[in-house]
Amino acid sequence: MKQQIRQIISKAVREHSLSRDDIILILSCENSHDYELFQAADSVRRQYVGDAVHLRGIIEFSNYCSRNCLYCGLRCANKNLRRYRMDADAIYKAAASAVSIGYRTIVLQSGEDSTYDADAIADICRRLKKLGVAVTLSLGERPYEEYRLWHKAGADRYLIKHETADPELYKKLHPGKTLASRIDCLRQLSELGYQVGSGCMVGLPGQTIETLADDLLLLKELDVEMAGIGPFIPHPSTPLAEYPPGPVDMTLKMLAVARLLLPLAHLPATTALFTIAGDGRERALCSGANVVMPNVTPSEYKNLYEIYPNKSRAEKTMPVAGRRQLENMITALGRTVAGDQGHSPKRKFSRAVS
Ligand code: SAM
Ligand code: SF4
């Protein structure tokens, strides 16, 4: 068994592909092999994307959401949450302030909030591009024409996780929605020229090792530029309040296998992992991750974007001090902080922004 796992890992290091059975075997094997897996992922990370860690400043500009995902504190049925929206000027100001302390990518994230119409988002993209940054959007499922308009307005990347590759589980967790339409969005975004990010949660109620293997195979099939893999964290005001959080070790294993399968992808050390494990960022950075997404939302809104509990506690440091702490942590790992916009090494960019 030991020898077999070792052989599977070294084959993945060479070929960046794994069968479903091999992934299941790696994910279900004893802890004694984790170290070898993490080391292998770390060496593939170093070889393909180098030692630089990309810092993306995330602005969570609205916690209104029309969807009702069972796991998320922003779901529309949660009446225990004070809702907020930032206007275009406030978003611009937060982004300019993040740029002034060194961020070269701004991620705009929100619930599915159609109050911001297509033109409003396009205007915000155009304004942010003038700050000389890469712009990532994470606004959920929107019509193709809107994605097209925003890409023309300068949006470089789009993050929309598939959440789980099990269509039945997806349906249960997302009332009235389907995995197929989520995947359609991912394909449309890629076709439009976005650098696309997907990903999944680990430890969702009803998830199995087989489902997790399918998550990784779906990421590989979609050939995503980014993959966010983080633990599920139960929120007390949701129907999943009583379930346990996703396991840290399984999250790290998923991340490491994702690095073996997608050597050129940007893989974040997620805030969710950091929220449930104080050393989660460091451990993720040593298991294949090369991105961190610090929160640069103005402090009056930070604790209202409560997708899961204790998120704002994990993000409590103010932007300047937080960035300094992060830079020190990255340097202590023998890594560097990237100074560029951190586009996907998979794609070359040269396009006019209209
Ligand atoms: N509304 C957009 C969407 O769903 O794509 C973007 C915002 S949503 C809050 C961003 C991510 O938060 C989701 O993709 C989901 O994976 C994550 N999330 C939500 N609730 C969570 C929970 N309870 N535990 C861990 N991650 C969660
Ligand atoms: Fe809304 Fe996104 Fe939360 Fe689902 S995960 S309820 S779409 S904010």
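For the numbers below, each heavy atom of this structure counts, side chains included, while hydrogens, waters and symmetry mates do not.
- Every pair passing salt bridge (Lys or Arg N to Asp or Glu O under 4.0 Å) that includes a residue from residues 224-236 is listed here, sequence neighbours excluded: E225-K346, E225-R347.
- In this structure R187 satisfies the salt bridge (charged side-chain N to carboxylate O under 4.0 Å, His left out) test together with E221, sequence neighbours excluded.
- Nearest heavy atoms, R157 versus Q341: NH2-O, 2.9 Å.
- For Y84, the side-chain hydrogen bond (donor to acceptor under 3.5 Å, both in side chains) test picks out no residue, with sequence neighbours left out.
- For the salt bridge (charged side-chain N to carboxylate O under 4.0 Å, His left out) test, no residue two or more places apart in sequence or in another chain qualifies with D166.
- With sequence neighbours excluded, the residues that form a salt bridge (charged side-chain N to carboxylate O under 4.0 Å, His left out) with E15 are K11.
- Contacts classified as ring pair (Phe, Tyr, Trp, His ring centres under 6.0 Å) and involving residues 234-267 (residues at least two apart or in different chains) are given here: H54-H266.
- In the hydrophobic clustering, I58 connects to V107, L159, V291, M293, either directly or through intervening members, whenever side-chain heavy atoms lie under 4.5 Å apart.
- For R335, there are no salt bridge (charged side-chain N to carboxylate O under 4.0 Å, His left out) partners two or more places apart in sequence or in a different chain.
- Qualifying side chain to side chain contact (heavy atoms under 4.5 Å, CB included) partners for S100, counting only residues two or more places apart in sequence or in other chains: none.
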For residues 205-219, tabulate all N or O donor-acceptor pairs below 3.5 Å that involve a side-chain atom, not counting sequence neighbours.
residue, atom, partner, partner atom, Å
Q207, OE1, G203, N, 2.6
Q207, OE1, L204, N, 3.0
Q207, NE2, M201, O, 2.8
T208, OG1, E210, N, 3.3
T208, OG1, E210, OE1, 3.4
T208, OG1, T211, N, 3.1
T208, OG1, T211, OG1, 2.7
T211, OG1, T208, N, 3.2
D214, OD1, R20, NE, 2.7
D214, OD2, R20, NH2, 3.1
D215, OD1, H162, NE2, 2.8
D215, OD1, A165, N, 2.7

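- L18 is linked by a side chain to side chain contact (heavy atoms under 4.5 Å, CB included) to I8, A12, D22, I23, I26, V257, L261, counting only residues two or more places apart in sequence or in another chain.
- Alongside F274, the hydrophobic cluster contains no other residue (criterion: ILVMFWY side chains under 4.5 Å).
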